[in-house]
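Proteins get letters first, then strands, A, B, ... in listed order; numbering begins at 1 in each.
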Number of protein chains: 2
Amino acid sequence: MGSVAWKQLLLNALESNAHLKHSSFMQLATIGTNGTPSNRTVVFRGFQDNTDNIQINTDARTRKIEELKLCPSAEICWYFTDSWEQFRINGNVDIIDGSNAEPLKLEQRENSWFASSLRSRSQYLCPNPGLPCLHEQAQPDISLDPSTGPIDAFCLLILEPHQVDYLNLKSNQRLTFKSSVSAAAEKSWTVERVNP
Amino acid sequence: MGSVAWKQLLLNALESNAHLKHSSFMQLATIGTNGTPSNRTVVFRGFQDNTDNIQINTDARTRKIEELKLCPSAEICWYFTDSWEQFRINGNVDIIDGSNAEPLKLEQRENSWFASSLRSRSQYLCPNPGLPCLHEQAQPDISLDPSTGPIDAFCLLILEPHQVDYLNLKSNQRLTFKSSVSAAAEKSWTVERVNP
């Protein structure tokens, strides 16, 4: 069992929990700028084409961006409430914002922007997340043209997994998948059954 | 609004999501021994009496214990799927195992042990979590006397919150609670409304 195995387990879990709106919600842990852990819920935006890399959309003005710039390492914890399965996905995160120098990455960011709902896109026009809320200030009337491309605040994050820990609480089985990269830059996975 | 305020919001969330078995599941992020983030689901075991400290039971043989001994800082991310509320609770964790020198803490550990189901307690007799699973080895016949006190592998963790970030996705409101400790060692909380 290799890469396909954990990805397939994850695709199966997504399918068997698809009736739950929150099945695409996962918790992303990073290292805070003061060295303490940081943890928040984010939405799974699919795999990057033909890879096992995980896509997340976020706002460039959130604290996680500053944290990931200092330490790109992150761990996703994803618990599927209906099938009682947990995935812990550890890896490094690539931040793709509008200033990225690689045209292919900018294209991925644009694709991810247009794959989001107009409502999701409009959130990037809201006041700076995490800053004090000015009650006096009337909420701006937010409207975004559907053809408008990604705005500055929009960031695509790509997590490239290097270790995955899978736990099934129904069958009480646990598997650890570890990746390695060959001299020819080929990524491969090994799996081990471990005690739950 | 102070300590009571976020604790009350959390108690309300627990009540309005109580019909869901997974409402007591939260994600605990720590710093791995190699400096990368570590994240897993744990079960909320209530507040320590008359405090806002959060209780978690765990196995002394899990990786999180080693991690917390090196860096006691942790952040809980707790998403309530029915009421669309998220709590991010940051603080330091006190590890209470059987070797603890304080009788009051050993008593708390014992109380937490007996407050768990017999099935939960039996898990601490299982083979070392995270180690390779020996297929050849027959599963031991685990039976635990209900009157047996906490066994060595049983640890009580106490997270003492110092910052809480509350987000309500239905009302689109976000509050940040910060604690401070006075010269007389009195803990107090301030709250600020921030942009979601």
Practice task
Report yes or no: is the cationic atom of B:K21 (NZ for Lys, CZ for Arg) closer than 6.0 Å to the six-membered ring centre of A:W84, at no more than 45° off its axis?
Solution key: yes
Practice task
Examine B:F87 together with B:W6 and report whether their ring centres are nearer than 6.0 Å.
Solution key: no
Completion exercise
side chain to side chain contact (heavy atoms under 4.5 Å, CB included) with A:C155: of A:T58, A:D59, A:N100, only one passes, and it is A:T58
Exercise for the section: Answer with side chain, backbone, both or neither: which region of A:L28 has an atom nearer than 4.5 Å to a non-hydrogen atom of chain B? Expected result: backbone
Exercise for the section: Quick one: which of A:P72, A:P196, A:G32, A:C71 has the most heavy-atom pairs under 4.5 Å with chain B, could you say? Expected result: A:P196
Practice task
Look at A:P129, A:G35, A:A74 and state which one has the largest set of heavy-atom pairs under 4.5 Å with chain B.
Solution key: A:P129
What part of [X] gets closer than 4.5 Å to chain A, counting heavy atoms only: side chain, backbone, both or neither?
X: B:T36; result: both
X: B:Q27; result: both
X: B:R40; result: both

Practice task
Would you please classify the geometry between the B:W189 ring and the B:F177 ring as parallel, tilted or perpendicular, with 30° and 60° separating the classes?
Solution key: perpendicular
Handout entry: Presence of salt bridge, B:D165 and B:R174, under 4.0 angstrom
Key = yes
